[in-house]
Amino acid sequence: MGIVKEFKEFILKGNMIDLAVGLVIGAAFGATVKSLVDDIVMPPLGYLMGRVDFAALHIPIPVPDGDPVKINYGLFVNACIALLIQGLAIFIVIKIINKMKRKEEEAPKEPPAPPKEEVLLTEIRDLLAKQNG
């Protein structure tokens, strides 16, 4: 039962849960960016470039027996644009997080407590002033 207990502790650690959530959100983000590129960015871009459908662009390689093999470079162009958009989005998120961290670091902190000797000397000074005053 030791292995099962170790595995349970491993899975239930906060970092593992965070990683799982990140993967699920990342997959959804990837699908959203793919749709953004395929359905929103590429159609107008293709129209502006002379009604080109990038997804249909390919280079056929004839083979002796059967259908030609296709090199779908248009799909590759779509994937590259999706990668650039995802990279930009991640860059912006990291930049915002770093900016928030810097603000936390720059926030004024409470001054450190004086050393014990200084506190003791201050108390002695106050007592002497009270006795003489």
Side-chain angles (χ1 to χ4, degrees):
M1 281 302 260
I3 292 177
V4 172
K5 184 178 179 185
E6 279 184 56
F7 183 71
K8 181 180 174 186
E9 288 175 8
F10 171 74
I11 289 295
L12 295 179
K13 280 186 179 176
N15 292 343
M16 191 59 148
I17 304 287
D18 293 344
L19 178 63
V21 169
L23 284 172
V24 170
I25 291 174
F29 182 71
T32 304
V33 170
K34 181 174 178 7
S35 176
L36 173 71
V37 170
D38 294 344
D39 304 327
I40 296 175
V41 173
M42 295 311 286
L45 186 61
Y47 177 77
L48 291 174
M49 295 183 73
R51 298 181 189 259
V52 176
D53 179 12
F54 281 88
L57 295 177
H58 66 277
I59 299 172
I61 300 174
V63 293
D65 301 333
D67 294 331
V69 174
K70 295 180 185 178
I71 297 176
N72 295 314
Y73 68 90
L75 294 175
F76 180 72
V77 170
N78 284 0
C80 289
I81 292 172
L83 175 66
L84 289 174
I85 291 172
Q86 286 177 338
L88 178 65
I90 290 170
F91 172 75
I92 290 170
V93 168
I94 297 297
K95 195 162 179 69
I96 290 169
I97 289 171
N98 287 340
K99 188 175 182 180
M100 289 178 1
K101 281 184 180 179
R102 275 195 299 269
K103 282 185 180 179
E104 283 180 12
E105 291 172 0
E106 292 173 2
K109 295 179 182 174
E110 193 175 299
K116 291 180 184 179
E117 294 86 3
E118 189 176 326
V119 172
L120 184 59
L121 287 172
T122 304
E123 289 175 4
I124 291 171
R125 180 198 66 200
D126 293 345
L127 285 173
L128 286 174
K130 196 184 247 186
Q131 285 177 353
N132 293 335

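We use all heavy atoms of the structure for the numbers below, so side chains are in, but hydrogens, waters and symmetry mates are not.
L83 and F91 are assigned to two separate hydrophobic clusters, defined by single-linkage of ILVMFWY side chains at heavy-atom distances under 4.5 Å. Clustering ILVMFWY residues whenever any of their side-chain heavy atoms sit less than 4.5 angstrom apart, transitively, puts L45 in the very cluster that holds V52. Hydrophobic cluster membership differs between I92 and I81, with clusters built from Ile, Leu, Val, Met, Phe, Trp and Tyr side chains linked at under 4.5 angstrom. L23 and I94 sit in two unconnected hydrophobic clusters of ILVMFWY residues. Membership requires side-chain heavy atoms under 4.5 Å apart, directly or through other members. Tracing side-chain contacts under 4.5 Å through hydrophobic residues (I, L, V, M, F, W, Y), one reaches V77 starting from I71; they form part of the same cluster.
Separation of atoms CD1 (I25) and OG1 (T32) is listed at 11.0 Å; rounding is to 0.5 Å. Taking CD1 of I124 as the start and CD of E117 as the end, the distance is 11.0 Å to the nearest 0.5 Å. For the atom pair NZ of K101 and CD1 of I97, the computed distance is 7.0 Å after rounding to the nearest 0.5 Å.
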- Using the side-chain contact (heavy atoms from CB on, under 4.5 Å) rule, take L84 and L88 through it: C-alpha gap first, then chi angles, then the decisive distance, then the call. CA-CA 6 Å; L84 289 174; L88 178 65; over 6 Å; no
- Could you go step by step and tell me if T122 and R125 meet the side-chain contact (heavy atoms from CB on, under 4.5 Å) rule? CA-CA 5 Å; T122 304; R125 180 198 66 200; 3.5 Å; yes
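A search for side-chain contact (heavy atoms from CB on, under 4.5 Å) contacts involving L36 returns I40, V41, I85, not counting sequence neighbours. Taking the side-chain hydrogen bond (donor to acceptor under 3.5 Å, both in side chains) definition, one finds that D38 meets it with K34, N78, sequence neighbours left out. With sequence neighbours left out, the side-chain hydrogen bond (donor to acceptor under 3.5 Å, both in side chains) criterion links K70 to no other residue. Taking L48 as the reference, nothing meets the side-chain contact (heavy atoms from CB on, under 4.5 Å) condition, with sequence neighbours excluded. For S35, the side-chain hydrogen bond (donor to acceptor under 3.5 Å, both in side chains) partners two or more places apart in sequence, or in a different chain, are D39.
Proximity of D126 to K130: side-chain heavy atoms (C-beta onward) are nowhere separated by under 4.5 Å. F76 is listed as a side-chain neighbour of C80, based on a closest heavy-atom distance under 4.5 Å.
The salt bridge (Lys or Arg N to Asp or Glu O under 4.0 Å) pairs that include a residue from residues 43-68 number zero, where partners must be two or more places apart or lie in different chains.
Minimum interatomic distance between P60 and P68 (heavy atoms only, all atoms of both residues): CB-CB, 4.2 Å. Scanning both residues, V119 and P114, for their nearest heavy atoms gives CG2-CG, 3.8 Å.
Within 6.0 Å of CZ on F29 lie more than 12 heavy atoms contributed by other residues, nucleotides or ligands.
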